[in-house]
Amino acid sequence: MLKHLIRLVAVVLMPVLAAPASAEPAQWGQAWPQTDFSRTTVPDWRQIRSGGVPKDGIPALDAPRFRSVGGVRDLTPREPVVTLELAGAKPRAYPLRYLTWHEIVNDSVAGVPVAVTYCPLCNSAVTFDRRVHAGGATRVLSFGVTGKLRHSDMVMYDRETQSWWQQASGEGIVGAMSGVQLTVLPSWVESWADFTARNPEGLVMAQPGYNRQYGRNPYRGYDTSDWPFLYDGTPPPHGIAPLARVVRVGNRAWPLSRLAQAGEIREAGVVLSWRAGQASALDTGALAQGRDIGSVRVRDRAGRDVVHDVMFAFAFHSFWPDGKWMLR
């Protein structure tokens with residue numbers, strides 16, 4: 001476990017030396033002079049820690065380029081991609097081989113400004129509408145990475161107000177946007193093979209123009225570790241391993257192991273389905289060679305896609321402490 005933690009600090013995006021484990025606004029002011037630290041929903045500043053990189057040390061992407069599915073040869077069938085299918089636009093795939101290194105993609109799809117996000121430390125992949133309604137007006141925000149973590153989950157920031165946002169929940173937690181909730185859009189992680197089979201005319205995000213080892217997993221062995229990186233909260237209940245995957249729908253969580261065994265579960269007004277064929281992005285050093293964890297879709301009884309997230313159990317426990325565990 002120790003070697004994995006050392007690798008995370010030392011390898012991910014050439015970080016600077018990690019800041020102290022906890023801090024307070026007085027220590028953050030120099031890097032965040034426009035952030036209003038008098039406004040926050042965080043009950044204890046010690047929950048926010050340095051992840052070992054500075055502001056924008058993990059560079060978010062803006063207005064990415066796309067390629068047609070038919071011309072792609074560098075993605076393998078089992079590679080995971082975030083799929084976004086909005087009416088009025090061709091379906092888009094955002095490969096985790098890129099999101100692992102950038103964590104946020106600011107894009108616009110069918111006239112909707114979106115932020116496709118992925119936090120490797122929580123395995124949380126969530127897509128947000130970048131429009132917010134606050135103070136009687138609608139604003140379009142663009143997002144970057146603060147370099148900080150809360151309960152081991154990425155803390156994002158918006159460039160317009162310099163407010164901080166929790167990636168897993170989409171809630172503004174520090175600054176002028178504290179308490180504002182981003183709208184979450186249905187998206188899901190599936191294998192490249194599944195995306196292309198369903199969307200032969202679809203689009204896939206092109207490789208960004210950064211010097212990164214795309215396709216390599218800097219978090220090798222993370223999702224079989226005993227404990228999350230820089231997490232000092234309590235373990236999940238019911239004896240569930242902290243890094244076991246769960247399917248979160250609202251404030252409910254289904255263990256992925258239960259869904260994989262059943263193949264399909266119909267409960268609480270939703271239909272969860274699982275199929276084999278997706279590689280874990282957090283297992284082996286080569287992302288495409290990770291063990292098979294399968295792909296999840298969640299729909300309502302009418303067949304419409306439902307907002308969900310396949311995240312680690314400790315993250316669900318941290319951000320939905322009163323949530324319901326769907327164990328049987």
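Side-chain rings of F37 and W164 approach one another, their centers coming within less than 6.0 Å. Checked against the 6.0 Å centroid threshold, H151 and F312 do not count as a close aromatic pair. A distance of 6.0 Å or more separates the ring centres of Y118 and Y98. Taking the centre of each ring, F314 and W227 stay at or above the 6.0 Å mark.
Interatomic distance, H308 NE2 to R299 CZ, rounded to the nearest 0.5 Å: 9.5 Å. Put simply, OG1 on T40 and CD on Q47 are 9.0 Å apart, with the number rounded to the nearest 0.5 Å. In this structure, the separation between OG on S280 and OH on Y219 is 13.0 Å, given to the nearest 0.5 Å. In this structure, C122 SG and D309 CG are separated by 9.0 Å, a value rounded to the nearest 0.5 Å. Here S187 contributes atom OG and L86 contributes atom CG; the two are 9.0 Å apart, rounded to the nearest 0.5 Å. Between the CD atom in Q27 and the OG atom in S50 there is a gap of 11.5 Å [rounded to 0.5 Å].
Note on V189 and L121: same hydrophobic cluster, where clusters join Ile, Leu, Val, Met, Phe, Trp and Tyr whose side-chain heavy atoms are under 4.5 Å apart, directly or indirectly. Under the 4.5 Å side-chain heavy-atom criterion for ILVMFWY residues, a single connected hydrophobic cluster contains both V296 and M326. Note on F319 and M154: separate hydrophobic clusters, where clusters join Ile, Leu, Val, Met, Phe, Trp and Tyr whose side-chain heavy atoms are under 4.5 Å apart, directly or indirectly. Under the 4.5 Å side-chain heavy-atom criterion for ILVMFWY residues, no single connected hydrophobic cluster contains both V306 and V112. In this structure, L243 is a member of the same hydrophobic cluster as L230, with clusters built from ILVMFWY side-chain heavy atoms closer than 4.5 Å.
A donor-acceptor pair shorter than 3.5 Å can be found between the side chains of Q278 and S295. One side chain, E160 or S142, offers a donor N or O that lies under 3.5 Å from an acceptor on the other. No side-chain N or O of D305 forms a donor-acceptor pair with one of W188 less than 3.5 Å apart. For the residue pair W274/Q261, the side-chain donor-acceptor check at 3.5 Å is not satisfied. Counting only N and O atoms by type, the side chains of T100 and Y214 include no donor and acceptor under 3.5 Å apart. In this model, no donor atom of one side chain and acceptor atom of the other lie less than 3.5 Å apart for D74 and Q207. Residues D283 and Y222 have side chains that never bring a donor and an acceptor to within less than 3.5 angstrom of each other. For the residue pair Y157 / D56, a side-chain donor-acceptor distance below 3.5 Å is found, with atom types taken as modelled.
Evaluated for a side-chain hydrogen bond (donor to acceptor under 3.5 Å, both in side chains) with R291, the options D223, T284, T224 yield exactly one hit, D223. The salt bridge (charged side-chain N to carboxylate O under 4.0 Å, His left out) with E190 is formed by just one residue from the set R78, R275, R198; it is R198.
No donor-acceptor distance shorter than 3.5 angstrom exists from the side chain of N217 to the backbone of A286, with no hydrogens or angles considered. Remark: side-chain polar atoms of T117 are not paired, donor with acceptor, to backbone N or O of Q167 under 3.5 angstrom. Judged by distance alone, the side chain of D153 and the main-chain N or O of A168 form a donor-acceptor pair under 3.5 Å. Between the side chain of S225 and the backbone N or O of G221 there is at least one donor-acceptor pair closer than 3.5 Å. When atom types are taken as modelled, the side chain of T146 and the backbone of K55 share no donor-acceptor pair closer than 3.5 angstrom. Side chain of D129 to main chain of T183: no donor-acceptor pair is present (N/O by atom type, distance under 3.5 Å, no hydrogens or angles). Between the side chain of R39 and the main chain of A176, a donor-acceptor pair closer than 3.5 Å is present. Between the S191 side chain and the D194 main chain, a donor and an acceptor come within less than 3.5 Å of each other. A donor-acceptor pair under 3.5 Å is formed between the side chain of R130 and the backbone N or O of V114. R67 contributes no side-chain N or O that, together with a main-chain N or O of A206, makes up a donor-acceptor pair within less than 3.5 Å.
A pairwise comparison of heavy atoms in V246 and P255 identifies CG1-CA, 4.1 Å as the closest pair. Taking every heavy atom of both residues into account, A60 and G144 meet most closely at CB-CA, 4.0 Å. Taking all atoms of both residues into account, the shortest heavy-atom contact from M311 to A315 is CE-CB, 3.7 Å. Between A241 and P236, the shortest heavy-atom contact is O-CG, 4.3 Å. Nearest heavy-atom pair across W165 and G170 is CE3-O, 3.7 Å. Heavy atoms only, all atoms of each residue included: G250 and F316 are closest at O-CE1, 4.5 Å.
When side chains are defined from C-beta on, L287 does not count as touching L282, because their heavy atoms never get closer than 4.5 Å. Contact annotation: the side chain of M205 approaches that of L61 to within less than 4.5 Å [non-hydrogen atoms, C-beta and beyond]. Here the side chains of R245 and N123 are in contact, with some heavy-atom distance below 4.5 Å. When side chains are defined from C-beta on, R297 does not count as touching V247, because their heavy atoms never get closer than 4.5 Å. Side-chain contact between W32 and P25 is absent, with no heavy atoms from C-beta onward closer than 4.5 Å. The shortest distance between side-chain heavy atoms of H317 and P237 falls below 4.5 Å. A heavy-atom distance below 4.5 Å is not found between the side chains of R150 and R49. Proximity of Y94 to V81: side-chain heavy atoms (C-beta onward) are nowhere separated by under 4.5 Å.
Taking the ring centre of W320 as origin, the terminal cationic atom of R248 falls inside the region bounded by 6.0 Å and 45° from the ring axis.
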Apply salt bridge (charged side-chain N to carboxylate O under 4.0 Å, His left out) to D107 and R92, showing your working.
CA-CA 11 Å; D107 198 4; R92 298 191 181 196; 2.9 Å; yes

Working note: W45 + W28, criterion ring-ring contact (aromatic ring centres under 6.0 Å, His included); need CA distance, chi angles, decisive distance, verdict.
CA-CA 11 Å; W45 289 117; W28 297 327; 5.6 Å; yes

Where do L75 and V204 land on the side chain to side chain contact (heavy atoms under 4.5 Å, CB included) test, with the steps shown first? CA-CA 10 Å; L75 297 178; V204 59; 3.9 Å; yes

Item to complete: List the steps, then state whether side chain to side chain contact (heavy atoms under 4.5 Å, CB included) holds for V307 with L185.
Response: CA-CA 6 Å; V307 168; L185 301 173; 5.9 Å; no

| said: Run F128 and F143 through side chain to side chain contact (heavy atoms under 4.5 Å, CB included) and show every step you take. | reply: CA-CA 10 Å; F128 301 105; F143 292 92; 5.7 Å; no

Given I265 and W254, is the side chain to side chain contact (heavy atoms under 4.5 Å, CB included) satisfied, shown in steps? CA-CA 9 Å; I265 296 175; W254 283 260; 3.9 Å; yes

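Salt bridge status for R258 with E264: absent, with no side-chain N to carboxylate O gap under 4.0 Å.
Within 6.0 Å of CZ in R131 there are more than 12 heavy atoms belonging to other residues, nucleotides or ligands.
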